[in-house]
Student: 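One structure is given below, represented as structure tokens, and several questions about it will come after.
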Amino acid sequence: QVQLVESGGGSVQAGGSLRLSCATSGFTFRVYCLAWFRQAPGKEREGVAGIDGDGTTTYDDSVKGRFTISKDNNKNSLYLQMNDLKPEDSAMYYCAACKESVVTVMAGIRSTDFRYWGQGTQVTVSS
């Protein structure tokens, strides 16, 4: 059974930092692409950062230079370091695993490419 469990969300002031973690189990972590998505109230879910099995990363323009996605294959865990947070970063953040090992996030971080999702962790940034 595939499981993804996020943690690390919280409330911070603008300019602050948070580190999200996603503990996974039930699939071959090291070969599948992974990503962080977010969804704010009234908005569509959007991909913010993705990482392929080989460690190649990609980011949405809105977070480039501020967010860093990483993974630890030994711990089957995915991370998102978020620096210089802005109020517009406030959202529920979800980690996700691709539906097939051949999928790559280099073609774009599309929710339709992901089969497995965590329950989300809330990030709130105040001005």
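Please read these numbers as outputs of a predicted model, since none were measured by experiment.
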Student: Does any non-hydrogen side-chain atom of V123 lie less than 4.5 Å from one of L20?
Tutor: yes
Student: How long is the gap from CZ on F67 to CG on L85, to the nearest 0.5 Å?
Tutor: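 The CZ atom of F67 sits 5.0 Å away from the CG atom of L85.
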Student: Please tell me whether Y32 and Y116 form a close aromatic pair, meaning their ring centres lie under 6.0 Å apart.
Tutor: no
Student: So how far is it from C98 SG to I51 CD1, rounded to the nearest 0.5 Å?
Tutor: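 Going from SG on C98 over to CD1 on I51, the span is 11.5 Å.
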Student: Determine the interplanar angle of the W117 and Y94 rings, folded into 0 to 90°, and report it as parallel if under 30°, tilted if 30 to 60°, perpendicular if over 60°.
Tutor: perpendicular
Student: Taking the side chain as C-beta and beyond, is there a heavy-atom pair between I109 and V48 under 4.5 Å?
Tutor: no
Student: Say whether, by atom type as modelled, one donor and one acceptor occur between the side chain of S21 and the main chain of S7 under 3.5 angstrom.
Tutor: no
Student: For S90 and V125, indicate whether the former's side chain and the latter's backbone hold a donor-acceptor pair under 3.5 Å.
Tutor: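 Pair found, side chain donor or acceptor close to backbone of V125.
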Student: Keeping D52 on the side-chain end and V105 on the backbone end, is there a donor-acceptor pair under 3.5 Å?
Tutor: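 Side chain of D52 to backbone of V105, a donor-acceptor pair under 3.5 Å: yes, one is there.
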Student: Heavy-atom distance under 4.5 Å between the side chains of S111 and Q39, does that happen here?
Tutor: no
Student: For residues Y79 and L18: do they belong to one hydrophobic cluster (side chain heavy atoms under 4.5 Å, members Ile, Leu, Val, Met, Phe, Trp, Tyr)?
Tutor: no
Student: Would D89 and K86 count as a salt bridge (charged side-chain N to carboxylate O under 4.0 Å, His left out) if you check the C-alpha gap in whole Å, the side-chain angles of each, and the deciding distance to 0.1 Å?
Tutor: CA-CA 5 Å; D89 294 319; K86 304 176 180 181; over 6 Å; no
Student: Taking everything shown except R30 itself, do over 12 heavy atoms lie less than 6.0 Å from its CZ?
Tutor: no
Student: Look at the side chain of K75 and the backbone N and O of A23, then say whether any donor-acceptor pair between them is shorter than 3.5 Å.
Tutor: no
Student: Is there a donor-acceptor pair closer than 3.5 Å between any side-chain N or O of E6 and the backbone N or O of Q119?
Tutor: yes
